[in-house]
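Questions regarding the structure given below will be posed in turn.
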Amino acid sequence: MEVDDCLRYNRAIDELRQREFPMLKDTVYLDHAGTTLYPKSLIERFSADMISNLYGNPHSASNASQLTAHRIEDVRLRLLGMFGADPDDFDVVFVANATAGIKLVMDAFRDQKQGFWYGYHRDSHTSLIGVRESAQDHRCFTTDAEVEDWMDQAAAHVGRPGLFAYPAQSNMNGRRLPLDWSSRIRTNSRRAVYTLLDAAALVSTTPLDLSDPNYAPDFTVLSLYKIFGFPDLGALIVRKASGHVFDRRRYFGGGTVEMVVCLKEQWHAKKADTLHERLEDGTLPIHSIMALDTAMTVHRELFESLERVSTHASFLATRLYADLSSLRHGNGEPVCRVYKDSMSAYGEAKTQGPIVAFNIRNHMGGWISNAEVEKLAAVKNFQIRTGGLCNPGGVASSLGLAPWEMKENFSAGQRCGNDNDIIRAKPTGMIRASLGAMSTLEDVTSFVQFVREFYVQDAPLKWTPPVTSLPLEPPTPIRLHVESISVYPIKSCAAFSVPPGKAWQVRGEGLAWDREWCLVNQGTGAALSQKRYPQMALIRPSIDLDEGVLRVRLAGTLRGTAATTEVTVPLSADPRLFSEEATYKETDARVCGDSIKAKTYRSTSISDFFTQALGVACHLARFPAVGSGPNTIPSSRHSKAHLQKLHKQNSMHIPGAFPDTKPLASFNGVSKPILLSNESPILTVSRSSLNRLNELIKAEGGKAAQAEVFRANIVIAQNLEYPPGAEEPYAEDDWRYLQVGQQYFEMLGPCRRCQMVCVDQRTAEKNQEPFVTLSKTRRFDGRVYFGQHTCHIPLDDASSLGQNPTVTVGDAVYPILEDEVDQDSRLQSLVD
Ligand SMILES: *Cc1c(COP(=O)(O)O)cnc(C)c1O
């Protein structure tokens with residue numbers, strides 16, 4: 001009966017969504033705790049309002065100003081009405097966001113004569129925790145029982161004013177905290193302890209009742225965009241009986257002061273009428289407040305009420321929780337570890353909101369990296385949130401992270417949002433799926449299906465055995481050659497194919513001219529990447545050694561976007577060879593988190609070319625090769641230490657445990673210098689492996705991947721006379737060294753992949769493949785690998801081979817396995 005009602009409402013939302021939320025077309029949006037989406041009709045009505053009415057700054061007597069002033073007062077009343085708050089008992093202060101509301105309260109307490117005591121609940125959002133830095137004393141309450149005990153002891157604290165803050169709903173796992181704490185603290189405390197309720201997460205899907213001023217918190221903060229999606233506005237609701245806290249506020253600004261004597265006899269008279277007049281410094285965000293009025297109207301029309309939204313979202317979350325909790329691997333082990341609070345129950349509006357926080361484990365209990373889940377989710381168009389979720393206390397207690405571990409993880413380079421998210425066999429963050437007004441059952445079932453498809457292991461994952469025909473007698477050595485050589489002169493732009501027969505120089509930091517240039521954002525200095533700007537694939541650089549230039553042309557949809565059809569840049573790094581305006585500027589470019597020194601071309605025609613092509617203001621920058629000329633600067637980047645070898649006997653050790661991969665020492669014991677490539681000097685890919693991958697993709701009806709998407713430098717293929725049925729895909733996993741022509745290379749370990757491999761390098765369109773199939777067939781310990789990091793081993797002699805090492809398309813390739821190293825005396829002399 002009740003379920004029927006929920007299903008009926010779900011169908012209605014499904015229809016509504018087609019009409020009102022076109023931005024959801026290809027996306028399953030499971031991040032309502034972050035931002036709610038705005039309906040189309042809200043934007044249409046808001047723009048109609050803006051086009052037909054003139055709204056002035058309210059601080060004047062013009063008609064336009066008066067219209068604004070009246071409407072703002074109406075909106076204030078209407079917003080209070082949404083919470084059943086009587087304007088005699090409450091006032092609303094418009095602020096930029098919930099955090100700004102919290103800071104306004106904090107400032108008032110900091111201005112108290114003796115400062116203040118601050119208490120906060122463990123489940124608090126980061127923005128509440130920061131208040132402690134302004135308090136004289138503070139205490140984090142790590143359980144509800146601690147809060148109860150403290151309240152029973154008449155809220156004892158030192159003799160200064162106190163502020164107790166907590167979230168109405170945890171933004172981490174959706175747990176809802178008791179709303180009666182405010183009144184209990186008020187009645188129990190001997191000295192004044194005020195309460196600050198952070199309702200930002202709660203009210204996005206649930207009504208909040210402030211009709212009884214004796215029961216209500218003294219201060220309530222909200223993010224209005226979390227309810228309506230638009231406008232970007234927050235509110236602080238103050239219980240007037242506690243408004244005197246603001247009397248000691250020292251700052252005044254335009255809008256909050258009546259008169260100021262500025263020169264001599266300095267004096268001012270603050271506004272005294274209403275709280276909001278005293279607290280809203282400067283011009284109000286008037287258009288946002290107008291939009292809020294429209295937002296409230298449209299929300300009611302589309303979703304009836306917050307009660308209705310609450311029931312709907314709760315129904316969906318209960319389903320998501322149940323489904324994720326019941327997923328099992330083939331061996332019976334659970335797939336998801338869900339972080340439900342022991343005090344809450346899904347389906348019970350008082351204790352649990354529509355959020356499910358969890359991590360995924362493999363069948364042996366190892367943790368799957370959240371960064372990897374997020375990459376795959378992005379390819380499959382699920383929008384979820386992962387990481388520390390701005391809730392340090394909740395996350396630490398759910399994950400069992402001790403302060404020393406968090407500090408050590410921090411020193412080890414762990415930051416919110418980076419890939420390094422499983423440390424000492426513990427996850428450092430979680431995955432959060434949150435539901436809202438326009439979520440549907442379909443979102444839930446498709447997400448559960450996604451987890452099932454990619455993470456449930458029916459049988460232990462094994463390497464796909466190669467399709468072997470009859471063994472060849474006698475076993476012939478693998479006969480391989482270099483099929484192609486590519487360099488990527490500009491990081492993240494298209495490849496330049498080295499012409500067959502051309503001997504290409506190879507150095508310690510990689511192939512000549514590989515990733516010597518990059519595009520950097522003019523504002524931030526960050527290097528641009530295809531992950532963010534897939535059209536970079538259509539920027540086609542080529543190395544013209546005869547003319548001595550890097551020539552850049554545009555392809556596909558980028559053709560015609562720039563004023564010129566191509567741009568050329570001298571290959572020489574000597575500044576004297578540049579045209580007058582092309583002087584370098586030293587700049588900090590951020591590449592893959594490292595700070596590097598690159599030199600920016602100032603030439604406006606060069607910058608304009610790339611800026612117009614990509615539609616983002618950028619410069620071309622050069623990262624000079626190490627020691628390649630008198631005017632170069634030394635490289636400060638080195639290949640990442642996490643290069644590692646995969647083990648084929650992968651099921652023998654526990655994935656996710658640490659250290660589960662063996663770091664491989666490089667030939668001379670030091671890390672290799674690299675230019676702007678992400679991880680290692682050279683990336684080697686096997687044609688046989690690519691063929692295998694593409695067979696699997698095509699078997700599922702997907703689109704085969706080109707070698708270019710892997711950004712390989714060297715593609716190695718089997719010789720033609722070698723029987724096609726006897727290909728050895730992924731044989732490279734076992735290679736230790738390679739001899740290519742006369743040169744030796746060391747294999748440094750497999751290359752970890754992200755969704756960037758899904759950008760079609762010919763059209764710049766994003767696909768799901770090959771990442772989806774790679775995730776199913778080449779995932780180890782939660783990470784996806786394809787291709788091998790490689791570096792050149794310099795020959796230890798003064799011959800021309802040693803002084804000018806090169807590789808050429810067609811060169812013979814001999815892999816050397818670990819146990820064959822002894823048999824190659826020349827190699828031995830190099831690596832000893
Ligand atoms: C989102 C959120 C905040 C921060 O809100 P802003 O509007 O970004 O300042 C604070 N607390 C909770 C519980 C939230 O969900």
Side-chain angles (χ1 to χ4, degrees), residues 29-38 79 92-107 118 120-132 140-141 163-179 181-182 195-206 208 217 219-237 285 288-289 291-292 295 306 309-310 313 317 339 341 344 351-357 383-395 397-398 416 429-430 432-437:
Y29 190 77
L30 293 169
D31 192 19
H32 293 266
T35 314
T36 301
L37 303 171
Y38 43 79
L79 184 62
V92 60
V93 181
F94 286 116
V95 285
N97 46 39
T99 304
I102 293 167
K103 286 172 72 182
L104 213 46
V105 175
M106 174 190 77
D107 285 344
Y118 184 59
Y120 59 98
H121 191 276
R122 176 194 82 192
D123 286 345
S124 293
H125 186 276
T126 310
S127 294
L128 275 189
I129 299 175
V131 173
R132 72 180 183 204
C140 175
F141 291 83
L163 178 66
F164 177 82
Y166 71 105
Q169 173 178 309
S170 158
N171 61 314
M172 178 197 82
N173 60 5
R175 184 246 160 151
R176 289 180 179 166
L177 286 84
L179 290 176
W181 282 352
S182 297
T195 48
L196 167 57
L197 182 73
D198 174 0
L202 178 83
V203 297
S204 60
T205 53
T206 308
L208 174 69
F219 313 101
T220 304
V221 290
L222 353 148
S223 318
L224 293 163
Y225 66 88
K226 287 190 189 168
I227 314 176
F228 306 112
F230 178 81
D232 300 336
L233 196 61
L236 164 66
I237 299 177
S288 294
I289 297 172
L292 174 61
L306 273 174
V309 170
S310 173
Y339 301 105
D341 195 287
S344 84
T351 62
Q352 181 63 51
I355 294 179
V356 182
Q383 176 150 345
I384 47 172
R385 169 99 184 254
T386 68
L389 309 178
C390 267
N391 195 303
V395 168
S397 64
S398 296
C416 206
M430 40 181 82
R432 180 179 75 187
S434 52
L435 299 144

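Reckoned from all heavy atoms, side chains included, excluding hydrogens, waters and symmetry mates. Each ligand, and each atom within it, is numbered from 1 in the order the structure gives. Keep in mind that what you see is a predicted model, and the values were worked out from it rather than measured.
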Fill in the blank from the handout: The reported gap from CG in Asn171 to OG1 in Thr126 (rounded to nearest 0.5 angstrom) is 7.5 Å

Handout entry: For atom 7 (O) of ligand 1, closest protein heavy-atom neighbour
Key = Ser223 OG, 2.8 Å

Problem - Matching residue for Phe219 among Leu163, Ile237, Asp198 - test: side chain to side chain contact (heavy atoms under 4.5 Å, CB included) - result: Leu163

Exercise for the section: Report yes if some N/O of Ala98 lies less than 3.5 Å from some N/O of ligand 1; otherwise report no. Expected result: yes

Problem - Interatomic spacing from OG1 in Thr351 to CG in Asp341 - rounded to 0.5 Å - result: 9.0 Å

Handout entry: Straight-line distance of Ser434 OG to Tyr29 OH, nearest 0.5 Å
Key = 7.5 Å

Handout entry: Leu306 side chain near Ile227 side chain, heavy-atom distance below 4.5 Å
Key = yes

Problem - Close-contact set for ligand 1 against Asn171 heavy atoms, below 4.0 Å - result: 13 (C), 15 (O)

Completion exercise
atom 9 (O) of ligand 1 sits nearest the protein heavy atom Thr99 OG1, 2.5 Å

Practice task
If you have a sec, work out which protein heavy atom is nearest atom 2 (C) of ligand 1 and how many Å separate them, to one decimal?
Solution key: Lys226 NZ, 2.3 Å

Completion exercise
Rounding to 0.5 Å, atoms CD1 (Ile355) and CD (Gln169) come to a distance of 4.5 Å

Practice task
Provide the number and element of each atom of ligand 1 under 4.0 Å from a heavy atom of His125.
Solution key: 2 (C), 3 (C), 4 (C), 10 (C), 11 (N), 12 (C), 14 (C)

Handout entry: atom 8 (O) of ligand 1 [closest protein heavy-atom partner, distance rounded to 0.1 Å]
Key = Tyr225 OH, 3.0 Å

Fill in the blank from the handout: If we number the atoms of ligand 1 from 1 as shown, the ones under 4.0 Å from a heavy atom of Asn97 are 6 (P), 7 (O), 9 (O)

Problem - Side chain, backbone, both or neither: the part of Ala201 lying under 4.0 Å from ligand 1 by heavy atom - result: both

Practice task
Using a 4.0 Å heavy-atom threshold (strictly under), name the region of Asp198 that reaches ligand 1: side chain, backbone, both or neither.
Solution key: side chain

Handout entry: is_close_aromatic(Phe141, Phe164), centroid dist under 6.0 Å
Key = yes

